[in-house]
Amino acid sequence: MPELPEVENVRRSLSDALVGRTVESVRVRRRDVVHGSARPPDLLRGCRIRSVRRHGKQLALMGAAAHDRQVDRCVCVHLGMSGSLQAVPAHRRGGGPARPVPHTHVTWTLDDGTQVRFVDPRRFGGIWTFADSNELVQHRWRALGEDALVIRPGSLLQSFQRTQRALKPALLDQNLVAGLGNIYVDELLFNCRLHPLTPCRTLTLNRIQALVRCMRQLLHRATRCGGSTVRDYVDGHGRPGHFQNAHQVYGRAGQSCVRCRKPLRRQIVAGRGTVFCPGCQALGGR
DNA sequence: CACCACCCCTGGACGC
DNA sequence: TGCGTCCAGGGGTGGT
């Protein structure tokens, strides 16, 4: 389940393989994963890739039409739960017709023979096409909150003050802060000793500052470790992450808390499986 | 506007 | 071995 650290690793690895290359052809196997125009030129055919951007959990391939450098193109990719975007170099595809990877919905072929494949078995992800970066921001990224790596305590304080919600559902809300998912919210709340059901309203600026520091540190550490591979996440080169080995609560229900040795509890919060330490993360805090 | 329940989807775990 | 059932979960949508 790609969250910010995983998506950032996909972004970096894809940048290596894509930036500066030109898209020679695009193949769409499932039209319904593409939102907006699925015409090959709108899916970057004939474009030179200028950059790979990220906001929260979303990626965007920014291209410039080769025949007219003024014409921009932009393809936004959301990996959802089970999506992956991998660049497979020509030499790794070998000579013979390798059996196709199931659920490969869109394939781009670059001028050096590299294939970029969007694979998404559960189809919780998708692809959105835009004329340029303005459209991307207007129609898709503007509604999102600030990216979790750059958000400042002040904006979080503002959001927290006008919501009645608990911390966990608020932090999972991409319109409030973009990039956190179930894994990193649980890890974050454990790190800063906050109960998932703490009402956002009750957090002082001081505690929000600590929360933001914790969040950046956690996300940076996880990113450096290549992200978390819980089931099948891999980056743009097919490499798994290893931050799952450093998880302190996620996936550890019933095991003992690394701080106080009490058993970790699992409870449904905001409809999501939530693991926390009832000892360290008391409601009301300390 | 704020919030929540519901639904989308597949593969893996588990029980018989 | 094989089949059925349950569950995970991001986020869009529609209802309250």
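Computed from a predicted model, the values in this text were never measured in an experiment. Order of the sequence lines fixes the chain letters, A, B, ..., with proteins taken first and strands second; residue numbering starts at 1 for each chain.
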Novice: Can you work out whether A/A270 or A/R162 has the more 5'-proximal nearest nucleotide on DNA chain B?
Specialist: A/R162

Novice: Check DNA chain C against residues 118-139 of chain A and give the residues with a non-hydrogen atom under 4.0 Å, in numerical order.
Specialist: A/R122, A/F124

Novice: Output every pair passing side chain to side chain donor-acceptor pair (under 3.5 Å) with a member in residues 167-181 of chain A, not counting sequence neighbours, ordered by first then second residue.
Specialist: A/R165-A/D173, A/K168-A/N182, A/K168-A/D186, A/K168-A/T274

Novice: When you list every nucleotide of DNA chain B with an atom under 4.0 Å from a heavy atom of chain A, which one comes first 5' to 3', and which comes last?
Specialist: B/dC3 to B/dG12

Novice: Rounded off to whole Å, could you give me the CG-to-C1' distance for the A/D32 and C/dG12 pair?
Specialist: 15 Å

Novice: Among residues at least two apart in sequence or on other chains, which ones pass side chain to side chain donor-acceptor pair (under 3.5 Å) with A/R11?
Specialist: A/E8

Novice: Which protein N or O atoms sit under 3.5 Å from an N or O of nucleotides 14-16 of chain C?
Specialist:
none

Novice: DNA chain B in dot-bracket, Watson-Crick or G-U pairs under 3.5 Å, [ ] crossing, | other strand?
Specialist: .|||||||||||||||

Novice: Can you name the salt bridge (Lys or Arg N to Asp or Glu O under 4.0 Å) partners of A/R39, sequence neighbours left out?
Specialist: A/D42

Novice: Check the distance between C/dG10's C1' and A/H55's NE2 and give it to me in whole angstrom.
Specialist: 15 Å

Novice: In residues 239-252 of chain A, which residues come under 4.0 Å of DNA chain C by heavy atom?
Specialist: A/Y250

Novice: Members other than A/V101 in its cluster, when Ile, Leu, Val, Met, Phe, Trp, Tyr link by side-chain heavy atoms under 4.5 Å?
Specialist: A/V119

Novice: Is there a donor-acceptor pair closer than 3.5 Å between any side-chain N or O of A/Y233 and the backbone N or O of A/E6?
Specialist: yes

Novice: Please give, in whole Å, the distance from C/dG11 P to A/Q58 CD?
Specialist: 7 Å

Novice: Which residues, ordered by chain and number, are linked to A/V88 in its hydrophobic cluster, where ILVMFWY side chains connect at heavy-atom gaps below 4.5 Å, directly or through other members?
Specialist: none

Novice: I'd like to check the side chain to side chain donor-acceptor pair (under 3.5 Å) partners of A/T202; sequence neighbours left out, ordered by chain and number.
Specialist: none

Novice: Compute whether any side-chain donor of one residue and acceptor of the other, for A/S228 and A/H247, lie under 3.5 angstrom apart.
Specialist: yes

Novice: Would you say the side chain of A/T114 lies within less than 4.5 Å of the side chain of A/T109, judging by non-hydrogen atoms?
Specialist: no

Novice: Which of residues 169-188 of chain A sit near DNA chain B, with a heavy atom under 4.0 Å from it?
Specialist: none

Novice: Is the charged tip of A/R259 near the ring of A/F190: under 6.0 Å from the six-membered ring centre and within 45° of its axis?
Specialist: yes

Novice: Taking for each residue the nucleotide of DNA chain B bearing the nearest heavy atom, is the 5' side occupied by A/R231 or by A/T163?
Specialist: A/T163

